[in-house]
Amino acid sequence: MEYKHLEIERKWQEEWQDSGLFLANKNTDKKKYYILEMFPYPSGRIHMGHVRNYAIGDVIARFKRASGYNVLHPMGWDAFGMPAENAAIQNNVHPREWTYANIEAMKSQLKQMGLSYDWAREIKTCDKKYFVHEQKFFLDLYNSGLAYKKESYVNWDPVDKTVLANEQVIDGKGWRSGAPVEQKKLSQWFLKITDFAEDLNNGLRALSNWPKKVLSMQENWIGKSSGALINFQLINSAETIEVFTTRPDTIFGASFIGLSPDHPISSQLAKKNSEVSGFIELCKSIGSSTEELEKADKLGMDTSLRVVHPYTKKEIPVYIANFILMGYGTGAVFGCPAHDQRDFEFAKKYKLEIVQVVSKTKSGHKLKEAYTEDGLMINSEFLDGLSTQEAQIKIISDLKNKGAGREAIKYKLRDWGISRQRYWGCPIPIMYLDDGTIVPVPEDDLPIELPDDIDWKQSGNPLDNHPTWKYTKCPHTGKPAIRETDTFDTFFESSWYFARFCSPNSETMFDDEYNKWMPVDQYIGGVEHAILHLLYSRFFVHSLNKLGKSKIKEPFDSLVTQGMVLNNGAKMSKSLGNTVDPEEIIERLGADTIRLFILFSAPVDKDLEWSDQGIEGSNRFVKRVWSFISKNTTLATNEFSKDFSTLNGEEKNLLIKIHKTTKKVTHDINNMQFNTAIASLMELLNSGYKFLEKNKNDNLVGFFLFQFLQLINPFIPHVSNELWSLTKYKEENINLIWPTWDDEIINKDEIKIIIQINGKTRGTLNYSSDINEESTIVDDVKNNKNLFKYLENKKITRTIYVENKLLNFIVK
RNA sequence: GGGAGCGUGGCGGAAUUGGUAGACGCACUAGAUUUAGGAUCUAGCGCCUUCGGGUGUGGGAGUUCGAGUCUCCCCGCUCCCACCA
């Protein structure tokens with residue numbers, strides 16, 4: 001019988017759709033399992049990265065469904081975003097039209113892959129039924145103080161003409177446009193993710209099923225560090241300068257105060273002094289990209305202000321320095337040249353004092369560069385002789401007593417700027433009165449929708465440019481008001497979509513179904529979201545928890561980040577011209593083949609090199625499955641006796657192998673080791689072919705294919721469903737059953753004992769499982785010519801016997 | 001500079017967690033079949049070898065009866081963050 005992949009695949013995709021097989025069940029006693037892959041941006045066509053992501057998720061979904069779980073496996077569209085707007089500008093097609101057409105195209109491609117989605121729960125984030133809830137949620141955040149507006153320097157992408165979050169700036173460039181990001185002072189909406197810095201940091205510890213890499217990236221991004229805040233009194237002024245340091249122990253080495261050019265004191269001075277303002281301009285002109293900063297010299301300017309050292313009472317100069325960041329700590333530091341490399345370089349350049357206060361030995365040593373390691377305190381009065389750690393504790397408590405400082409914890413994490421000056425996003429439900437008063441849109445007036453009539457030729461913010469849309473009236477006073485014309489960062493939508501899948505049609509953001517399905521048991525996606533999406537989503541659920549809307553704090557119990565799909569060593573991309581179109585492969589070789597290849601060729605978390613020959617190999621295997629089983633479907637049986645006495649050796653071995661493979665495939669899928677699961681199925685099929693060369697046992701072959709079809713089903717579901725339908729079990733749904741194994745049979749396997757002499761392997765001896773005694777083995781070795789020659793004329797001083805494994809003779 | 005991870009045949013990768021290194025697949029070689037090509041099937045396939053064996057998981061040391069696996073030092077690669085006080 002010929003393998004016609006197109007026919008079979010279409011047939012089963014329709015069958016699954018019509019029978020509603022993959023709909024998550026609302027009323028059932030089965031245990032829930034929520035499997036989710038990161039939803040795609042509807043760019044128009046699926047690429048190999050999607051194929052990989054969704055093939056992985058589908059194996060899990062099908063496996064769990066077959067294992068008796070009530071599976072939620074939904075799919076939707078991250079449908080707001082710049083590309084739709086760019087298409088509108090270039091082709092004068094409305095972003096909505098463009099997006100919906102893309103969704104239809106991609107949906108049909110996903111269906112061709114045979115993915116087991118519950119399409120009844122499909123969501124599109126650009127749908128007002130979706131975003132109305134996040135507008136409400138934003139108002140909740142606003143009312144509880146977790147959303148606020150402030151003027152500050154923000155990252156401005158001059159190409160996309162919008163503000164970007166810190167997380168969206170990669171190496172000083174916009175994450176989408178790649179354009180160097182500029183600093184612009186704007187009034188913007190922020191979410192107080194920093195309120196959750198400690199919680200988000202601690203929460204990482206509970207995420208034991210997340211990749212270490214992602215945990216460490218988030219930990220670094222949150223960037224917790226503990227130290228102290230110290231006040232330095234300005235001479236001839238009531239003011240103090242507060243600095244943050246992680247090394248309060250080095251305070252006796254302080255020889256200058258460094259202020260950020262953006263520090264309030266710097267700004268004040270600049271107003272009065274053109275030299276200062278000139279210097280600040282100079283600092284800003286140098287730019288902030290990585291390369292520029294690496295080359296940049298330490299620049300400083302003595303403000304002629306002086307502070308008093310809280311202990312030595314010496315006068316210390318205050319400098320404005322280009323390497324002090326306003327965004328971290330207090331924007332001011334005390335410079336300790338002996339123990340900080342930046343301060344060291346700065347002190348050399350401006351001829352400032354370098355006082356060593358930490359030393360490897362008690363006497364100190366010559367410093368060619370800053371000594372940043374721990375050591376013993378010297379030149380530090382009452383701290384002398386203490387270790388770094390002891391000194392830190394002592395100095396903090398002393399500072400506290402003096403009222404000059406205190407213990408403090410700082411984070412690198414900044415609040416999340418969510419305003420975007422773009423059209424194709426969710427409008428921010430806020431309006432402003434003439435005097436600038438902020439008025440939240442009343443809930444009843446939601447959703448605030450986007451206007452359709454946009455002039456795409458005009459540059460700038462389309463909502464702001466619109467002739468009428470922004471003009472409205474205050475709902476309370478009737479006074480004229482102007483709508484907020486910015487939209488949300490599209491990461492706002494993707495930070496809670498997993499919750500919406502639980503009850504996609506709920507009148508509220510989500511309902512009781514949320515508590516039933518959440519958290520997501522297994523989440524799968526690209527590592528590029530390690531910080532952005534995964535941190536924001538965690539933040540949303542933490543804040544939902546704080547607002548009493550969620551019982552849980554962490555949305556994703558287990559996470560897998562799949563590797564990239566490469567071609568010729570590089571990520572597939574249009575610009576490199578090395579893309580391979582999944583649809584073409586599906587048409588030519590079948591969805592089963594492409595799924596199998598992509599799961600077999602590399603472990604899920606590693607990059608995968610595309611291979612034209614490799615996919616042919618996978619196709620060969622699918623065809624071998626087809627030809628072996630299609631010839632024997634009528635033999636299928638679930639009954640096979642445990643009685644070994646009637647079996648010959650090869651029958652026995654095949655039976656054991658079937659059970660072993662069943663156990664291994666089950667184990668491997670549970671551990672996301674699809675490549676080895678498939679390899680063991682290939683081995684089993686090879687054994688099947690070998691067996692038939694010399695044997696005939698219809699009952700055993702029938703049992704073989706009964707087990708094999710179920711085991712292979714999550715990987716190549718169309719082929720297995722079709723072949724299953726040709727067996728007498730066709731009334732039983734193969735997608736809802738999973739085979740079992742019998743350890744008793746597995747244990748009847750022959751045991752190979754490795755024979756070593758002085759730790760070197762010299763051979764093996766085989767035993768049936770019930771005859772396996774050290775003394776027997778020793779005798780057998782002595783009676784074995786090939787092995788005994790290593791023992792002849794030698795004295796055995798020791799034997800090491802590991803049950804069921806090996807026997808090692810130590811001889812002289 | 002800080003952090004995380006990884007080094008196994010020509011290639012992608014296995015190795016029940018300390019017990020026969022190289023499963024499975026790709027490529028390659030030989031043979032069968034075929035008018036030919038393709039497809040399919042069979043056999044071989046780390047390196048060296050005097051065919052006894054020797055050697056081999058980036059390099060070096062160590063622990064152990066035994067190390068790809070554990071410890072230490074070095075070398076190399078990848079990713080993330082980065083003038084973060």
Side-chain angles (χ1 to χ4, degrees), chain A residues 170-172 211-221 223-225 227 243-248 250 258 260 288 290 292-294 296-298 321-325 327-336 339-343 345-346 372 410-414 527-528 530-531 563 596-597 600-603 605-618 620-621 623-624 627 660 663-664 667 673 675-686 689 693 752-764 789 797-802 804-811:
Chain A
I170 315 290
D171 288 336
K212 270 192 198 152
K213 186 181 173 184
V214 175
L215 294 176
S216 106
M217 280 166 75
Q218 291 215 355
E219 194 181 349
N220 276 326
W221 190 260
K224 178 178 180 173
S225 51
V243 305
F244 176 69
T245 178
T246 54
R247 294 294 302 275
T250 63
S260 163
S288 59
T290 315
E292 285 167 325
L293 285 172
E294 266 172 11
D297 264 342
K298 300 276 174 288
N322 66 336
F323 64 95
I324 316 289
L325 307 169
Y328 184 73
T330 61
V333 302
F334 76 75
C336 179
H339 305 290
D340 182 289
Q341 190 54 29
R342 292 155 303 179
D343 298 347
E345 287 165 29
F346 192 80
T372 54
K410 292 284 172 192
Y411 303 89
K412 289 190 212 169
L413 187 67
R414 300 272 74 86
V527 73
E528 66 273 19
I531 295 170
L596 190 86
F597 168 75
F600 173 65
S601 298
D605 56 328
K606 284 208 184 171
D607 287 351
L608 181 155
E609 179 72 26
W610 179 260
S611 158
D612 289 330
Q613 285 126 347
I615 189 115
E616 296 294 339
S618 292
R620 201 172 299 150
F621 173 70
K623 286 192 284 196
R624 270 164 66 81
S627 85
K660 270 190 166 173
K663 186 176 186 174
K664 180 167 172 57
H667 171 269
Q673 290 161 329
N675 55 333
T676 52
I678 293 167
S680 68
L681 285 165
M682 287 173 166
E683 267 189 75
L684 182 58
L685 185 68
N686 291 343
Y689 269 102
E693 281 174 21
K752 278 186 178 171
I753 302 291
I754 299 155
I755 307 301
Q756 297 186 333
I757 316 291
N758 288 338
K760 233 176 202 132
T761 302
R762 294 300 181 181
T764 59
K789 67 183 176 192
T797 56
R798 201 180 149 192
T799 59
I800 292 137
Y801 177 59
V802 182
N804 296 340
K805 281 236 165 86
L806 76 113
L807 182 62
N808 188 4
F809 294 89
I810 310 304
V811 300

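Keep in mind that this is a model prediction, so the values were computed, not measured. Numbers restart at 1 for each chain; the letters A, B, ... are given by sequence-line order, proteins then strands.
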Nearest whole angstrom, please: distance from the [atom2] of [N] to the [atom1] of [X].
{"X": "A:Asp605", "N": "B:C6", "atom1": "CG", "atom2": "P", "value": "10 Å"}
{"X": "A:Gln613", "N": "B:G10", "atom1": "CD", "atom2": "C1'", "value": "13 Å"}
{"X": "A:Leu413", "N": "B:A82", "atom1": "CG", "atom2": "P", "value": "12 Å"}
{"X": "A:Tyr328", "N": "B:C81", "atom1": "OH", "atom2": "P", "value": "17 Å"}
{"X": "A:Lys213", "N": "B:U78", "atom1": "NZ", "atom2": "C1'", "value": "8 Å"}
{"X": "A:Trp610", "N": "B:G25", "atom1": "CH2", "atom2": "P", "value": "19 Å"}
{"X": "A:Asn220", "N": "B:C84", "atom1": "CG", "atom2": "C1'", "value": "11 Å"}
{"X": "A:Ile753", "N": "B:G66", "atom1": "CD1", "atom2": "C1'", "value": "15 Å"}

- prompt: What do you reckon, is NZ of A:Lys660 surrounded by more than 12 foreign heavy atoms closer than 6.0 Å?
  reply: no
Could you tell me whether the side chain of [Y] reaches within less than 4.5 Å of the side chain of [X], counting heavy atoms only?
{"X": "A:Trp221", "Y": "A:Ser216", "value": "no"}
{"X": "A:Thr764", "Y": "A:Ile755", "value": "no"}
{"X": "A:Leu807", "Y": "A:Ile800", "value": "no"}
{"X": "A:Ser627", "Y": "A:Tyr689", "value": "yes"}
{"X": "A:Asn758", "Y": "A:Val811", "value": "yes"}

task: Report yes or no: is the cationic atom of A:Lys298 (NZ for Lys, CZ for Arg) closer than 6.0 Å to the six-membered ring centre of A:Phe346, at no more than 45° off its axis?
output: no
Does [N] have OP1 or OP2 under 4.0 Å away from a side-chain N or O of [X]?
{"X": "A:Lys412", "N": "B:C81", "answer": "no"}
{"X": "A:Arg620", "N": "B:A39", "answer": "no"}
{"X": "A:Arg342", "N": "B:G1", "answer": "no"}

Pick base, sugar-phosphate or nothing for [X], based on heavy-atom distances below 4.0 Å to the nucleic acid.
{"X": "A:Asp607", "result": "sugar-phosphate"}
{"X": "A:Gly329", "result": "nothing"}
{"X": "A:Arg762", "result": "sugar-phosphate"}
{"X": "A:Ser225", "result": "sugar-phosphate"}

task: Verify the distance criterion only: is there a donor paired with an acceptor across the side chains of A:Asn686 and A:Arg624 at less than 3.5 Å?
output: yes
Could you identify the nucleotide paired to [N], looking across every strand shown and requiring Watson-Crick or G-U wobble geometry with both distances under 3.5 Å?
{"N": "B:U57", "result": "none"}
{"N": "B:U50", "result": "none"}
{"N": "B:C11", "result": "B:G25"}
{"N": "B:U34", "result": "none"}
{"N": "B:C65", "result": "B:G19"}
{"N": "B:A4", "result": "B:U78"}

- line: Heavy-atom nearest nucleotide on RNA chain B taken for A:Gly614 and for A:Ile324; more 5' hit belongs to A:Gly614
Please give the distance between the [atom1] atoms of [N] and [M] as a whole number of Å.
{"N": "B:G37", "M": "B:G76", "atom1": "C1'", "value": "46 Å"}
{"N": "B:U8", "M": "B:U55", "atom1": "C1'", "value": "15 Å"}
{"N": "B:A32", "M": "B:U78", "atom1": "P", "value": "48 Å"}

With syn defined as a glycosidic angle within 90° of 0 and anti as the rest, where does [N] land?
{"N": "B:G52", "value": "syn"}
{"N": "B:U17", "value": "syn"}
{"N": "B:G66", "value": "anti"}

- prompt: Which letter, B, S or -, goes with each nucleotide of nucleotides 14-24 of chain B from 5' to 3', with contact meaning a protein heavy atom under 4.0 Å?
  reply: S----BB--BB
query: When you measure from the side chain of A:Lys298, which nucleotide among B:U42, B:A85, B:C83 comes out closest?
result: B:C83
query: What closest approach, in Å, do A:Gly258 and A:Ile324 show between heavy atoms, and which atom pair accounts for it?
result: C-CG1, 4.1 Å
